[in-house]
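A short write-up of the structure that comes next.
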Amino acid sequence: MKKSILGIAVACLAMAGCTKTQIVDVSQDRAIGFSPFVGKPTKAVTEVNTSTLGTGFYVFGKYDDGTAAWEGTAFNNEISTTAYYWKPGMTYAFGAYADGANGEIANAQFDPATKTLTFEEYTPDDSKDLVAAVIDGVDADTYIGSKDPVSLNFKHLLSQVKLTFTTDAAEVYKMTITDVKINGAVSTATAEYNGTATWTGSANEGYSYSELSNSGVISSGVSSDQVKLVIPQKSTDALKVTFTATIHGESTGTANFEATLEHNISDSGLTANTWTPGYRYNYIANVPLKEVIDSTGDEVKIEFTPTVEIWEDAGNVDTTPTTPAP
């Protein structure tokens, strides 16, 4: 990691007959700075936005003299406040990311030739909103003259999936939703980002929703939900959500439910049954009281009418659970 004093020493070697004072002045003028911007976030999980990002992101930087050899390095998966200085006549490419607050991804890589960031075998964590930015064709002489920071426009690489549970049961029944899981969903994958995020899945362990709001207790007019950061993926209509609904009160009963995550939001421009990076999806399931009271415990199929919301916002879907034929 280059320190300020190292940058001064390198500059001194490159400039014959200069004094230490002159070197300090030139180095300060050529310091590489960044001005980051992150698109509109959601409050559902611990997310990164422009104000929380600050300078707490990591950067890769390569430069060359126009030959596309990219032999020079300025930032090598280092915090953005590391001291590096513009090299006159050079063209730069940068890749930057943040994995939650000041999060470093040790195995992250950057290819300046294709302007691609790679994150291998990434597993989402609800406390870490993954954002990234890439830019090439950055002319050093322009920034040396203007002393402006490099503008970085970060994009969200993950999706968010919210499961919302409602019921027609009166409060006296105290229906509780437990054991919620999206089965078979891609949970670990490799991402490539060059302005567009592409995910290649390698593990399908799904997602468990173990921290539902209101402890999973629902009644008429009272819902319970949870949001998780997930790997963007296709064929979400083939995924199954399983959960258990239990009634305690004037009547008792427990029923196991299965739901299919099918969506086709025609007015949003989204691809049907696909979780797209930067979008949040809200699947709403209404659990009828009659399907739970005195239940034998048989599986009951529930069909979702989903709503999709973008990080900049999309939509909601209602669903009606049904009892499978004996």
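The residues of the chain are indexed from 1 along the displayed sequence.
S80 pairs in a side chain to side chain contact (heavy atoms under 4.5 Å, CB included) with only one of the listed residues (F57, F94, Y58), which is F57. Each of F154, F119, F110, Y193 was evaluated against Y97; a single residue qualifies, F119, per the ring pair (Phe, Tyr, Trp, His ring centres under 6.0 Å) test. Evaluated for a side chain to side chain contact (heavy atoms under 4.5 Å, CB included) with E120, the options T190, T200, I105 yield exactly one hit, T190. Put simply, the residue from D111, V134, N194 that forms a side chain to side chain contact (heavy atoms under 4.5 Å, CB included) with L117 is V134.
In the hydrophobic clustering of this structure, Y143 groups with F75; members are Ile, Leu, Val, Met, Phe, Trp, Tyr whose side-chain heavy atoms approach within less than 4.5 Å, directly or through other members.
For the 3.5 Å distance criterion, the side chains of T188 and T123 qualify, holding a donor opposite an acceptor. With 3.5 Å as the limit, one finds a donor-acceptor pair spanning the side chains of N183 and T242. T244 and N256 are linked by a side-chain donor-acceptor pair at a separation below 3.5 angstrom, with hydrogens and angles left out of the test.
When side chains are defined from C-beta on, V230 does not count as touching I182, because their heavy atoms never get closer than 4.5 Å. In this structure, the side chains of L261 and Y281 stay at 4.5 Å or more apart for every pair of heavy atoms. You'll find the side chain of F243 stays beyond 4.5 Å of the side chain of L212, heavy atoms only. Between L157 and P277 the shortest side-chain heavy-atom distance does not fall below 4.5 Å. A 4.5 Å side-chain heavy-atom check between W199 and L158 finds at least one atom pair inside the cut-off. Looking at heavy atoms from C-beta onward, T167 lies out of side-chain contact with V292 at the 4.5 angstrom threshold. Counting heavy atoms from C-beta outward, D64 and K62 have side chains that stay 4.5 Å or more apart. In this structure the side chain of Y283 never reaches within 4.5 angstrom of the side chain of V241, judged on heavy atoms.
In terms of modelled atom types and a separation under 3.5 Å, the side chain of T246 and the main chain of T254 share no donor-acceptor contact. Checked by atom type and distance alone, the side chain of D129 never pairs as donor or acceptor with a backbone atom of V131 at under 3.5 Å. Listed for the N204 side chain is no donor-acceptor partner under 3.5 Å among the backbone atoms of A185. At distances below 3.5 Å, at least one donor-acceptor pair connects side-chain atoms of Q233 with backbone N or O atoms of I231.
Within 6.0 Å of the CD atom in E121, the count of heavy atoms belonging to other residues, nucleotides or ligands exceeds 12.
Separating the CD atom in Q109 from the OG1 atom in T116 is a distance of 11.0 Å, to the nearest 0.5 Å. Note that NZ of K228 and CG of D125 are 8.5 Å apart. Values are rounded to the nearest 0.5 Å. Remark: I218 CD1 to L289 CG distance equals 10.0 Å, nearest 0.5 Å. Atom-to-atom distance recorded for N273:CG and K234:NZ is 12.0 Å, nearest 0.5 angstrom. Rounding to the nearest 0.5 angstrom, the gap separating the CG atom in D126 from the CD atom in Q160 is 8.5 Å.
Contact detail for S224 and V217: the closest heavy-atom pair is CB-O, 4.2 Å. Nearest heavy atom pair, residue P88 against residue D141, reads CA-OD1, 3.4 Å.
Classification of the Y92-Y63 ring pair by plane angle, with boundaries at 30° and 60°, yields tilted.
Sequence neighbours left out, not one pair with a member in residues 205-218 passes side chain to side chain donor-acceptor pair (under 3.5 Å).
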